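Heavy-atom basis, side chains included; hydrogens, waters and symmetry copies ignored. Below, chain A is the first sequence line, B the second, and so on; all start at residue 1. Small disclaimer: the values here were computed from a predicted structure and weren't measured.
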Amino acid sequence: MIARTALLALLPIVAAIALTQRRRLTAIIGMGLFSFLLAVSYLLLHAPDVALTEATIGLGLITAIYVLAIRRTGRLTVVADEAPGLFVREGDRIVGLEHEILARFARHLGLDLSVQFVPHRDVADLVRSGEADVGAGGWVLGEEAGVFATRPHLDTALFTVGGTKEGTGEGVPRVRYEGYFADLDPKSLYTAETPVTLDLARFLAVQRSDVPDDSVTRHPQPRGYAFVVNGRRRDLHSALDAYIERLREDGELDRLAGRFLA
Amino acid sequence: MAFSVGVVLFGIGLVAIAIRRDLVIKLLALGLTNAGSILCLVAVGDRPDARVPICAVCRDAIYADPLPQALVLSAIVINFAILALALVFVMRLVERYRSTDSRHIEDLVQRDLDEGGGP
Amino acid sequence: MILAVLPLSRFVLGLLCRLSERTARLLAAVGWCISAALTIFLIVETRDGSTITVVLGGWSADLGIVLRFDAVSAAVCPLVLLLELAAILYVRRDAPRPLFYALLQFLLGAVFALLLSQDLFNEYVILELLTLVGFLLVGYDRRPTQVWASLKYLVLASIGMGFFLIGVAVVYRHTGTLNLGLLAEIVADRPDAPWVTLAATLLTAGVAVKAGLFGFSQWLPAAHSAAPPAVSALLSGLVIKMGIVVILRLSQVFPLGTTLQILGAATALLGVVYTAYARNLKRMLAFSTLSQIGYLVLGLAIGTPQALAGVLDYAIAHGLFKGLLFLAAGEASRAVGSGRFSDLVSKRAAIPNATVVALLVGTLGIVGLPPLAGFGAKAVLLGSHPNVFVVTILVLTSIGTAFSFARLLPLFRFRRTAPRPSKRIAAYAVLALPILFFVPLTGVTLPSLQLGSGLRPLLVVESVGAIAIGLLLHRLTERRAPRLPKRIFFLEEATLAILIGLLLVFLCLRV
Amino acid sequence: MRPRPFHLLAIVCTVCVVLVVLLAFHSVDPETAPHATYVERPVAETGATNRVASVYLNYRLYDSLLELLVFFVAVLGVRFYLGARERPDVPPLAESEVVRTSAALLFPLAVLLGVYLAALGQISPGGGFGAGVIAASGLLLTSIALGIDAIDRRIRRNAMERIERGALLVLLLLMLLPLPLGRPAFADLLPKGAPGAVLSGGSIPLYNVLIALKVVAGAWLILRSFVRHRGEI
């Protein structure tokens, strides 16, 4: 009797944990475990037929088709946020400097490229968790635990925009741009209380001439756009680095930059 | 007790559908809501210290009620059918919109609808 | 005995049509003939108000599943046959794949099965089958916008059915039976028991998601406007009414008077407001379905036999002219290239004459011009002298409908250039004729629905007055549409709306 | 995920609904009379000692038929939306030797378990559906090990389609057959046999086998589409 109430009490906990996972694969496996516990609790409710059906369908089939739908083989998975000039959605095509580089790199490895647009803050998490192979979309070189950044393929600068007069002092916390570029509203950016730090490509897209230029501060030290690769995938990281070097040597990188970043 | 757990599971699933924006997690939550309602139905048919309803002469002891169990066999299969189809539709959406974020897809669909002059 | 053949014959035919498109169309015709013959035989059999009851498998009523052919089935079956004929004739031109005909057969089999069903769990399984087939038909052209609309439809309908299943569990826990007849007796002698309120809340809220009530069916505008024309006609004209049929069965068992009144009023008014300011023709028709459902639910709230006849009458009338409007709107949008009113009016020369006539007949029907279908049904509804609140809502909605459909007027002016003729005249005729001769037709086939309606002068004045006021309002207010909240139709907000709706229903039943 | 107002509103509403349902449900005395309508029926009526099977495949056979139709429509839908473009060059999932040998060992076991559950559904827990799904999972395991093309050569796709359609068609006709024989639709036709024996339960074993056949074919067609189109989300 105790085992029954304990198991029944366990069900909501396992379900809640499974659904609050950030990684989809963990959530699916979590729900698989939930189905198993549910099948066992049906046994305790004297319903063997239902337990068998729940186990075979809930645990077996549903988890199988989810894993098959998510499973990645034979593909280079790229997650990125939209960045003008680097990773842009045009109708149902995608263009941009970084997309061109990664598309050629994928062809070079014999894989087909699969791109997904995610908020900027999730790029590092998805790459670190192994759900995606490469993170792109105007990623400015910075130290992120467990993630390798390739050598920068394009130099850039950081701008802090907005913040009221007294808000742009040194001590004020600078909020890094995190969300969807599509949701970024240029008008409210300049009037927001907390200043937002943007990279060059996105700053050029939201720049407005009719704003006093003292509310925009340019950070002095030089920065560079780079790709982000999972810490455990050394082979992919070195291959991507070598590929970008080769592009830079035969001038292909500058030609592409000219074409996309007029 | 089991009925209450079923309703709580249904609630957790609903909250996850309303809050999580990733479509795959929403479908998992939908699976959870259906599992919750099925647990309620099975819990209704159970008696304290009952026995499994497989018996030639079933009058000597208390047996669990077979009707909810038979109904639930159909409900589980129906929920699998719905989830398999919903997953296929999410794959079609990702192929076109390259994102599994429901709010993002909603904006892109509205953009397509406005361009195409309505459905 | 042969009651079970009505749905099963459709399922068998659905399984068979898989080879070429021609055999699929042939099987559809065979299916139509079988159903027509059976329906006529059954209607004649139950002419004197009696019902035919069958328990499948020969068991007693509390063991097996009970099927019954009663006044409701007798009223809706002819509508099913007419809409199916129109849809098949309409779709013949586009030569869809055999899969379309198979899904059509399953849809109609499920509709017939639901009309006969007298068992709670049986209704659950049939509603799920309807949801699934409707979901596939909405996304049939596989365009991404359709895929998104049908995915939202599936998720919300599945949540609704989850509530319905918990309701079934509560009912079985406290009564031990799922048969509606036995249930009615048990509830009758203890209507104030707490479990009755709980079960009624869960079942009504669950089925409200399928039945097109505002706040519960936020998926309806996107799904019905994104679907192909023939599918929109079937969904709006027929499938949405299955939810109403289940609510009707529930209202015969549970005391749902006040709840349905509030839900119906909210649906009618909010629906009409969104109808008035929809920018696109098909979206306007989808929103007007939402508001017309408000009519039906208000009729159910009254509860007298006369009101029930009015509801069935209006369900048939609405199925006819809404189906006709969706078919015509589909062809007009395809001829013009876009569904927006501005394009339709500016490029109206491209719309074939037959389509314009169909749109005209449909519009006259929906606004309730006296001799036609809309008026006949509303007359029966108003004739059951409901209380003042319901009458004001009905009149307000009529005015709103006239106001929003006045935008189609510029389409009906005479045009010199003769565009290429429409190839779908047969489909339009099948629906237009019953609309025009609605009152005499229902008098002959379904006398039970014409309980003392009569074309009383007061009702004629009321209807024509509502149309006049609507047109006047349209002429006066120039077209700057206020920004209506669109967020309520997103997936997450719709889920929340269902929850809030359920709490509202619980409070109404409690008080 | 910082708590936005919408999140809080959703949580509050859900908690309200859950509390309302629980309070209303438990407010009445829990111990109402147990409903024993189906358990106390004499076993001779349906011949099946597994009372769940007797309800699922005899008393309420109509519901089970409708549920099979839902599954059939789902299989149609999955193949219509996924079958748009067959992607031939899909490398097998796992190349390792361990998976191949374990698949070779487990597949016959899965099929045997499926046959056992389908055949004895009326005297032991199991039934057509679980049996079909287990056999289909066995097929999935071998498709993962040997690659989908190897399996497609051995198990033709349209053979599976015919099995699925044929099984469901036979089921439908079996349910309509009693009508011309003057019995109500869905009535049982086969002899009931001694309760507890292998050949007992009237036509329940026949229904179980047909359902198992249909489900093996249907589940395999769905899994096959997903294996062909994997990794798209």
Side-chain angles (χ1 to χ4, degrees), chain A residues 1 4-5 7-13 15-16 18-22 24-25 27-28 30-32 34-35 38 41-54 56-58 60-63 65-66 68-70 78-80 89 91-92 94 114-119 122 180 182-183, chain B residues 1-2 4-6 8-9 11-13 15-16 19-20 22 24-25 27-29 31-32 35-36 38-39 41-43 45-54 63-64 66 68-70 72-73 76-77 79-80 83-84 87-88 90-91 94-101 103-104 107-108 115:
Chain A
M1 199 41 201
R4 197 171 100 129
T5 31
L7 186 64
L8 286 175
L10 191 63
L11 287 176
I13 300 163
L19 287 180
T20 49
Q21 289 300 323
R22 171 168 296 284
R24 292 190 293 228
L25 210 54
I28 293 167
M31 285 308 287
F34 169 80
S35 289
L38 193 60
S41 57
Y42 284 146
L43 275 181
L44 296 178
L45 289 170
H46 315 293
D49 288 79
V50 177
L52 180 86
T53 311
E54 170 64 27
T56 46
I57 290 186
L61 274 190
I62 288 184
T63 314
I65 54 176
Y66 269 111
L68 284 174
I70 301 277
V78 174
V79 280
R89 190 199 288 269
D92 52 7
I94 299 178
S114 127
V115 175
Q116 268 206 26
F117 286 95
V118 292
D122 291 346
Y180 266 117
D183 298 351
Chain B
M1 167 57 185
S4 327
V5 170
V8 166
L9 289 178
I12 293 174
V15 165
I19 289 182
R20 288 299 298 262
D22 187 292
V24 175
I25 306 281
L27 290 188
L28 284 174
L32 179 63
I38 287 170
L39 181 57
L41 202 53
V42 172
D46 182 33
R47 288 285 163 278
D49 59 55
R51 284 163 57 180
V52 174
I54 298 178
Y63 287 90
Q69 297 180 17
V72 156
L73 289 181
I76 292 179
V77 170
N79 293 328
F80 164 70
L83 279 174
L87 201 57
V88 163
V90 170
M91 289 162 94
V94 166
E95 181 194 348
R96 164 67 180 83
Y97 293 114
R98 293 191 192 289
S99 159
T100 57
D101 182 319
R103 192 52 54 86
H104 204 43
D107 303 341
L108 296 175
E115 273 151 29

Side chain, backbone, both or neither of B/A35 within contact of chain A (heavy atoms, under 4.5 Å): both
Is B/A16 close to chain A through its backbone or its side chain, or both, or neither, when contacts mean heavy atoms under 4.5 Å? side chain
Taking side chain as everything from C-beta outward and backbone as N, CA, C, O, which of these in A/L8 sits under 4.5 Å from a heavy atom of chain B? Side chain, backbone, both or neither. both
Measure the CG-CZ distance between A/L10 and A/F34 for me, rounded to the nearest 0.5 Å. 10.0 Å
Between CD1 on residue B/I54 and OH on residue B/Y63, distance to nearest 0.5 Å: 10.5 Å
Closest approach of A/G32 to A/T63 (non-hydrogen atoms, all atoms of both residues): CA-OG1, 3.9 Å
Determine whether a donor-acceptor pair (N or O, by modelled atom type, separation under 3.5 Å) exists between the side chain of A/T56 and the backbone of A/T53. yes
Closest non-hydrogen contact found for A/H46 with B/P53 is O-CD, 3.8 Å
Which bit of A/I94 comes within less than 4.5 Å of chain B, counting heavy atoms only: side chain, backbone, both or neither? side chain
Chain B contact via A/S35 - side chain, backbone, both or neither, heavy atoms under 4.5 Å: neither
Under 4.5 Å from any heavy atom of chain A - which part of B/L32: both
Partner chain B: residue of A/E54, A/Q21, A/R89 with the largest heavy-atom pair count (under 4.5 Å): A/R89
Can you tell which of B/I25, B/L28, B/L9 has the highest number of heavy-atom pairs within less than 4.5 Å of chain A? B/L28
Nearest heavy-atom approach of B/A2 to A/L45 is CB-CD2, 4.1 Å
Side chain, backbone, both or neither: which part of A/L38 has an atom under 4.5 Å from a heavy atom of chain B? side chain
Just so I understand: if I count every heavy-atom pair under 4.5 Å between each of B/L27, B/V15, B/N79, B/V88 and chain A, which residue has the most? B/L27
Non-hydrogen side-chain atoms of A/D122 and A/V79 separated by less than 4.5 Å: no
Could you tell me which of B/V8, B/V94, B/T100 has the largest number of non-hydrogen atom pairs under 4.5 Å with chain A? B/T100
Who wins among B/D22, B/I38, B/V90 for the most heavy-atom pairs under 4.5 Å with chain A? B/D22
Where the side chain of B/R20 meets the backbone of A/L19, is there a donor-acceptor pair that is under 3.5 Å apart? yes
